[in-house]
Amino acid sequence: MAVGALEGALGKGAQPKRRSFSPEYKLRIVAEYDAAPKNEKGAVLRRERLYHSHVKEWRAARDAGALEKLVDKRTSPARPKKSAAEAENEKLRRQVERLEKELARNKAALEVMGKASALLDMLSESAD
């Protein structure tokens, strides 16, 4: 399949969604993988569309402290989600900061333009 045809099928700029796994799922898969006979471990990985590195990482996390290591740190209680109002406030603060910088830059440019205009007027008068 050509790249253009693939883009057309997925939509322009479409990105695949990153999968995330719950701690319960991770523990279930590690247990199932460990219990599977040697010649069926690959079948478990293929069925779940996983890599051996997933199982190794999840097993190490389980052995190091089970669910504490397997909780998604982006939404864990240690880092609570911001409320809609807090998110909006943060967005508006960033916008105000950006606009203040833009205003300062425009003021500086206007000051330079004023000085250049005054200099040109002075040169024009002296040339007369």
Side-chain angles (χ1 to χ4, degrees):
M1 180 184 263
V3 174
L6 183 60
E7 262 186 25
L10 295 175
K12 189 150 184 123
Q15 295 274 334
K17 186 173 189 296
R18 184 179 202 124
R19 295 187 299 167
S20 60
F21 306 100
S22 70
E24 295 78 20
Y25 174 82
K26 293 175 182 181
L27 291 174
R28 181 176 61 82
I29 294 299
V30 169
E32 184 178 345
Y33 184 84
D34 289 342
K38 186 173 180 107
N39 59 348
E40 293 180 19
K41 292 183 188 281
V44 172
L45 296 176
R46 284 189 299 277
R47 184 188 74 225
E48 299 295 329
R49 296 181 316 154
L50 298 171
Y51 295 100
H52 178 67
S53 60
H54 286 119
V55 176
K56 279 178 39 180
E57 181 181 320
W58 297 345
R59 185 184 298 124
R62 179 199 63 192
D63 295 345
L67 292 176
E68 298 84 39
K69 291 282 186 178
L70 294 177
V71 172
D72 186 357
K73 291 175 179 59
R74 293 171 293 175
T75 58
S76 69
R79 183 177 168 193
K81 271 199 165 294
K82 295 178 183 171
S83 69
E86 288 175 334
E88 181 71 14
N89 283 342
E90 187 174 316
K91 178 184 170 189
L92 291 173
R93 281 190 191 100
R94 285 193 308 264
Q95 185 179 7
V96 165
E97 185 178 320
R98 180 183 56 82
L99 291 173
E100 286 174 344
K101 286 180 182 176
E102 186 178 331
L103 178 62
R105 187 176 62 239
N106 289 345
K107 281 183 177 179
L110 189 58
E111 186 179 328
V112 167
M113 292 292 287
K115 289 180 180 179
S117 176
L119 179 62
L120 289 174
D121 284 346
M122 228 171 44
L123 290 174
S124 164
E125 289 173 0
S126 67
D128 290 339

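- For Arg47, the side chain to side chain contact (heavy atoms under 4.5 Å, CB included) test picks out Glu32, Val44, with sequence neighbours left out.
- Residues Phe21 and Trp58 bring their aromatic ring centres within 6.0 Å.
- Grouped by direct or indirect side-chain proximity (heavy atoms under 4.5 Å, Ile/Leu/Val/Met/Phe/Trp/Tyr only), Leu92 sits alone.
- Shown here are the side chain to side chain contact (heavy atoms under 4.5 Å, CB included) partners of Pro16, two or more places apart in sequence or in another chain: there are none.
- Sorted by first and then second residue, the ring-ring contact (aromatic ring centres under 6.0 Å, His included) pairs with a member in residues 95-128 form an empty list; sequence neighbours excluded.
- In this structure Glu48 satisfies the side chain to side chain contact (heavy atoms under 4.5 Å, CB included) test together with Tyr25, Ile29, Leu50, sequence neighbours excluded.
- No side-chain heavy atom of Glu57 sits under 4.5 Å from any side-chain heavy atom of Lys26.
- The salt bridge (Lys or Arg N to Asp or Glu O under 4.0 Å) search around Arg98 returns Glu102, not counting sequence neighbours.
- Counting side-chain heavy-atom gaps under 4.5 Å among Ile, Leu, Val, Met, Phe, Trp and Tyr, the cluster of Met122 also holds Leu119, Leu123.
- Between Leu45 and Tyr33 there is a side-chain heavy-atom pair separated by less than 4.5 Å.
- The side chain to side chain donor-acceptor pair (under 3.5 Å) analysis of residues 105-122, with sequence neighbours excluded, yields the pairs Glu111-Lys115.
- For Arg19 against Arg49, the heavy-atom pair with the smallest separation is NH2-O, 2.6 Å.
- Residues passing the side chain to side chain contact (heavy atoms under 4.5 Å, CB included) test with Ser83 are Ala85, Glu86, sequence neighbours excluded.
- For Glu100, the salt bridge (Lys or Arg N to Asp or Glu O under 4.0 Å) criterion is met by no residue, not counting sequence neighbours.
- Residues passing the salt bridge (Lys or Arg N to Asp or Glu O under 4.0 Å) test with Lys91, sequence neighbours excluded: none.
- Contact detail for Asp34 and Arg59: the closest heavy-atom pair is OD1-NH2, 2.7 Å.
- Lys101 is linked by a salt bridge (Lys or Arg N to Asp or Glu O under 4.0 Å) to Glu97, counting only residues two or more places apart in sequence or in another chain.
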